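One structure is given below, encoded as structure tokens.
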Amino acid sequence: MEPVLCLTQVFKRFGPIEIIRGADLKVLPGERHALIGPNGAGKSTLFNLISGRFAPTSGEIRLGGRRIDRMPPEQINRLGLGRSFQITSIFPRLSSLENMRIAVMSRHGVKFSVRRPLSAYSAISDRASAILDDVRLSDKRHVPAGELAYSEQRALEIALTLATDPDVILLDEPTSGMSRRESEHMVELIHRMTDGKTLLVVEHDMSVVFQLCDRISVLVYGTVIASGAPETIREDEAVRTAYLGTTESHA
Amino acid sequence: MSANQMSSGRLSYSAASGASWVGWTVLVLVIAVAVPLLIPGRLLATVNQMLIAALFALSFNVVWQQMRLLSFGHAAFFGLGAFATIHLMRAVAAEAIFIPAPLLPVAGMLGGLVAGLIIGYFATVRTGTYFAMITLAFSELLHQIAPQWTGLFGGEAGMSSMRMPSLGLAFGSVEEVYALVVLWTLAGGLAIYYLGTTPLGRLAYALGDNEMRLQFLGYRTRHTKTLVFALSAMFSGLAGGLFAVVNENVDYTVFRASYSGLVVIHTFVGGPGIFLGPAIGASALTFFGSVTSDVTRLWPLYQGIIFIVVVMFVPQGVIGFVRDYFAQALWRTHWRQSLLGAVGVLFIAAAMVFAAELLLAISLDPLLAQGLGDGSVELWHRRWPAFGITTWLWPAAAAAIGGALIWFAAKVTDTPARRQNGEGAL
């Protein structure tokens, strides 16, 4: 099967510091792929390269066969890639519903229109409400997003990511800062909302990784040192040395 | 409480019920008709200036409130709108073209829009301080070019024209001009409000909150910025067009940087987080500037002090403060402290005005400067010993009393219980 997202020998340098050093990654259509690695391995940087926030210093990134490594984020999004942020990135002054309307409206062909109030486009409002229903924020539809509880803001973050109906979804630590219960909620929500989509997740919580994903890639010092099924990764010698630590295996 | 509330101003545009819409429309129209009947003609000319300043501030605030971009060059659009309109008026007066007088300000809108598209295209390359610098640079460019370019801007003297009679109206009296100005201001204000509810307007709010997120949702944010900036410039151009119609003369000083600064002051004193805040701030400051012009030369100083005090102590603006005050029903629980505080502010203001006026009188007195005379100076039809202790005791005492009142009001307000509830003083 052709990979839907393919990174080939990607390098990223910030001044003298090389963060990503020849990363290779293949994500197949429909798979739920976790990207794990120790702190500072470059996971967030890799996400920023894929989603267009930074351009790689060298190397190739392809989305569905098209090169995207020189494209701005909005163009990559329009090709069907959506991402969430580790630090919640929403529109705090707007209500939850308006957050969703903004995310949804461009897919309804509405952008710079001044012909009617945004709230008068019923198709957009319906779609926005439906997604809010899905993430269980309907009760908070008129609350400014900045005044939502943290876990609600995280749910809105995911909802914004999914609102443009992307085929490939990048989630950057979706459960960061959450309690165990909230985090289980979030995993359930992601499962439900991303059915049939391709998922690439950065996550520190290994229980979340094992619940959510069917393949894992391990990033260490800017290089993917292993890719495979969770069981394979658990047994991989290089991963154990670099990431899980060697103490256990030698004990 | 202040900083938080300034940024999180409620922005839900829930559809107002039909009845309240009708009620408000009727109220506004009644006021608009009553004003010229109730006040003398000289003041009506001031009302025209107030309306123009209000529309200008509303248009400026589109860029700040929605997109969080601070333009320091909006005088460029006001000025270009004014010059576009005066050129059209000259063409009408020369009978080269016929446009009914009420439609003349449309030229200002077009001038503002075109200039806004061009300047906005360049300014939106950057954000924050650099955005402000680019807008300032463009308006200063016009300020330098205009006095040299006689053909377009009339040189130092500027350009003049006459309002021509049309539609059976002479447009000679201040009442007729007022009718034109008030209708355009209301229409412009409504259009600016409406803009904020449209997809483009909501996009602009979202952009002001989080530009990066919009990009990752597939939006080319620079288009939004340029478009909304240009629409803001269009309404500034309309205000400039009204200015040209009212004054029948425009010169290059409309491009001065202090005029761009004035609209910033108007907006922030009124309150940029509330739709009508800038309009009320602009009207009030224009009103005071006008009525005090006979009494004092120091109005710009007082305006500057008001600006500083508001930005430091009530960053949500005067109207924002009033809204918060009533929204939290503080008058019910804290009316004594409020009264004390208000009286304290009046005392300090009186002390400041007295001291400033006295200093000005001293610096201007021809005899004092040469060490002649009896060392006294005239102020408010009285002679004061310029350097006498008794003279300066007045402002010092008033300031001390005012300070004590404010301190006391804050002290009794800021009880431990309130502190625990996370509430601030007053």
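Since we're looking at a predicted model, the values are computed, not measured.
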- [ ] Indicate whether the side chain of Thr161(A) and that of Arg213(B) have a donor and an acceptor atom separated by less than 3.5 Å.
- [x]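 Yes, a side-chain donor-acceptor pair sits under 3.5 Å.
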
- [ ] Look up atom NZ in Lys111(A) and atom NE2 in His223(B), then write down how far apart they are to the nearest 0.5 Å.
- [x]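 Between atom NZ of Lys111(A) and atom NE2 of His223(B) there are 9.0 Å.
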
Open item on the list: Just verifying a value: how many Å separate Ser106(A) OG and Leu217(B) CG, rounded to the nearest 0.5 Å?
Closed with: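 Reported value, rounded in 0.5 Å steps: 7.5 Å.
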
Relative to chain B, which segment of [X] carries a heavy atom at a distance below 4.5 Å: side chain, backbone, both, or neither?
X         : answer
Ser51(A)  : both
Leu160(A) : both
Arg53(A)  : both

Task: Face-on cation placement of Arg93(A) at Tyr205(B) ring, 6.0 Å and 45° thresholds - done: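 That pair does not qualify as a cation-pi contact.
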
Task: Presence of salt bridge, Arg222(B) and Glu74(A), under 4.0 angstrom - done: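 No, no charged N to carboxylate O under 4.0 Å.
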
Looking at side-chain heavy atoms only, is the closest gap between [X] and [Y] below 4.5 Å?
X         : Y         : answer
Ser89(A)  : Met212(B) : yes
Leu94(A)  : Arg202(B) : yes
Asn77(A)  : Phe216(B) : no
Leu118(A) : Leu203(B) : no

Take atom [atom1] in [X]; do more than 12 heavy atoms of anything else shown fall under 6.0 Å from it?
X         : atom1 : answer
Arg192(A) : CZ    : yes
Phe72(B)  : CZ    : no
Phe112(A) : CZ    : yes
Leu27(B)  : CG    : yes
Asp195(A) : CG    : no
Arg67(A)  : CZ    : yes

Task: For chain B, the option from Arg78(A), Arg101(A), Arg115(A) that forms the most heavy-atom pairs under 4.5 Å - done: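 Answer, by heavy-atom pair count under 4.5 Å with chain B: Arg78(A).
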
TODO: Only counting residues at least two apart or in another chain, list the ones meeting salt bridge (charged side-chain N to carboxylate O under 4.0 Å, His left out) with Lys12(A).
DONE: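 Residues passing salt bridge (charged side-chain N to carboxylate O under 4.0 Å, His left out) with Lys12(A): none at all.
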
Polar side-chain atom of [X] near backbone of [Y] as donor-acceptor pair, under 3.5 Å:
X         : Y         : value
Asn210(B) : Ile90(A)  : yes
Tyr219(B) : Ile102(A) : yes
Tyr121(A) : Pro199(B) : no
Tyr194(B) : Val114(A) : yes

TODO: For the pair Leu214(B) and Phe91(A), evaluate side-chain contact (heavy atoms from CB on, under 4.5 Å) and give the outcome as yes or no after the intermediate values.
DONE: CA-CA 9 Å; Leu214(B) 272 189; Phe91(A) 306 112; 3.7 Å; yes

Task: Selection from Leu231(B), Thr224(B), Leu195(B) maximising heavy-atom pairs under 4.5 Å formed with chain A - done: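 Heavy-atom pairs under 4.5 Å are most numerous for Thr224(B).
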
